[in-house]
Amino acid sequence: MRTHLNTLFINTQGSYLAKKGECIDVRQEQRSMAMVPIHTLEGVACFGQVSYSPYLMAHCAEHGVSLSHFDERGRFLAAMRGPTSGNVLLRRQQYRWADDPQQAAQMTRFILHAKLRNGRTVMARALRERGQTNTALETTVHELGVLVALLDKTDSVESLRGLEGRAGALYWGSFQHLIYQDSPEFKFFGRSRRPPLDRVNALLSFLYAMLMHDVRSALEGVGLDPYVGFLHQDRPGRPGLALDMMEEFRPYLADRLALTLINRGQLGAKDFEVQASQATYLTEAGRKKVIVAYQKRKDEQITHPFLQEHCAIGMVWHLQALLLARYIRGDLDGYPAFLWR
């Protein structure tokens, strides 16, 4: 149980929440573990086997405290909000900003700052850990730094997308240098999707799918519309805002985890199946390995770079969704995108 940004997160399985006076009584095995005054909260987020009394549900609704439920892996299931919920106003503001070129560019800039800087950090750390000169990586780190500086001098979403494209070409052009396994089974020649055409791409695509799923759930949990984004244009069925927000986490979580699984030999050629068309996918056994590793990584503790509070990595996108909602509501001067330091 942790409280961040006036939201109570309950992820201890078997917990029971009850109303006690003006507080939420958090119980485990019929023992009271904490009493949280409801007037200090904006929301309660429950993960997995967490239950609550109908009296508590009514109490939350009366006080305008949202009660969201996710499964153990963080997939959004449902939310209950009282009649005074501000979600309509929040979503209306989100839609206005998405249609406003200036505001959309500002949001895109926040997102790309995090994406490019986190990607640059992945490359820079690999250089330090290797302890050897690598001209390709050094050049990429330098060029990504130049592109980060250009983001603040670019004022349209289209131009910012152009910088993102240049950064992607640099990043993926050097990605093979981060794979230490000298094996032809994990050669990487660039991103390929729908379908992935090699094992590295198959692994990355699977991790991105899980990450996008988690981020979309987090956005649903705070009442934002995950389908209306800023960097990613509207397209039927495409969760644009979820794709926007996951850009912050791709290098830090998905790319690093893919490299760990490959470089430590935790995945091998037998964990993939290559079809006649060269389309490559993880086998069922391979998917299980990746899911277990992903869940373990989500349980690791970090210090949130903006809030300076300890939290599990799997909580970070929920915190970022809360920060984004606050920024859109006007409670913050800017959106503090997740920066890996």
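- In this structure, the ring pair (Phe, Tyr, Trp, His ring centres under 6.0 Å) partners of F110, at least two apart in sequence or on a different chain, are Y327.
- When all heavy atoms are compared, the tightest approach of L323 to L332 is O-CD1, 3.6 Å.
- Identified under the salt bridge (charged side-chain N to carboxylate O under 4.0 Å, His left out) test for residues 264-273, with sequence neighbours left out: D271-K289.
- Shown here are the ring pair (Phe, Tyr, Trp, His ring centres under 6.0 Å) partners of Y208, two or more places apart in sequence or in another chain: there are none.
- Proximity of N263 to I179: side-chain heavy atoms (C-beta onward) are separated by under 4.5 Å at one or more points.
- Here the shortest heavy-atom pairing between L339 and P305 reads O-CG, 3.4 Å.
- Dense packing is recorded around CD of Q13, with more than 12 heavy atoms of other residues, nucleotides or ligands lying under 6.0 Å away.
- No side-chain N or O of Q30 forms a donor-acceptor pair with one of Y16 less than 3.5 Å apart.
- Surrounding NZ of K187 are more than 12 heavy atoms belonging to other residues, nucleotides or ligands, all under 6.0 Å away.
- The salt bridge (charged side-chain N to carboxylate O under 4.0 Å, His left out) contacts involving residues 147-165 comprise K115-E164, where partners must be two or more places apart or lie in separate chains.
- Judged purely by distance below 3.5 Å, without hydrogens or angles, the side chains of R191 and N201 pair a donor atom with an acceptor atom.
- Taking the charged nitrogens against the carboxylate oxygens, R287 and E284 have no contact shorter than 4.0 Å, which rules out a salt bridge.
- Using modelled atom types, one finds no donor on one side chain facing an acceptor on the other under 3.5 Å when comparing H59 with Y52.
- Annotation: F188 is in aromatic contact with W172 [ring centroid separation under 6.0 Å].
- Applying the 6.0 Å contact sphere to OH of Y55 captures no more than 12 heavy atoms from other residues, nucleotides or ligands.
- Judged by distance alone, the side chains of Q93 and R96 do bring a donor and an acceptor atom under 3.5 Å apart.
- A donor-acceptor contact shorter than 3.5 Å is absent between the side chain of N118 and the backbone of F249.
- Summarising the local packing, CD of E300 is surrounded by more than 12 heavy atoms from other residues, nucleotides or ligands at distances under 6.0 Å.
- Partners of Y171 under the ring pair (Phe, Tyr, Trp, His ring centres under 6.0 Å) rule, at least two apart in sequence or in another chain, are F175.
- Within the model, atoms CD of Q301 and NE2 of H310 stand 8.5 Å from one another, a figure rounded to the nearest 0.5 Å.
- By the neighbour-count criterion of 12 heavy atoms within 6.0 Å, atom CD of E29 is sparsely surrounded, having that number or fewer from other residues, nucleotides or ligands.
- Two residues are said to be in side-chain contact when any heavy atoms from C-beta on lie closer than 4.5 Å; I262 and V200 meet this criterion.
- Qualifying ring pair (Phe, Tyr, Trp, His ring centres under 6.0 Å) partners for F230, counting only residues two or more places apart in sequence or in other chains: none.
- No side-chain heavy atom of L112 sits less than 4.5 Å from a side-chain heavy atom of E247.
- Of all heavy-atom pairs between S192 and L197, the closest is OG-N, 2.9 Å.
- The neighbour count for R92 CZ, taken as heavy atoms of other residues, nucleotides or ligands under 6.0 Å away, does not exceed 12.
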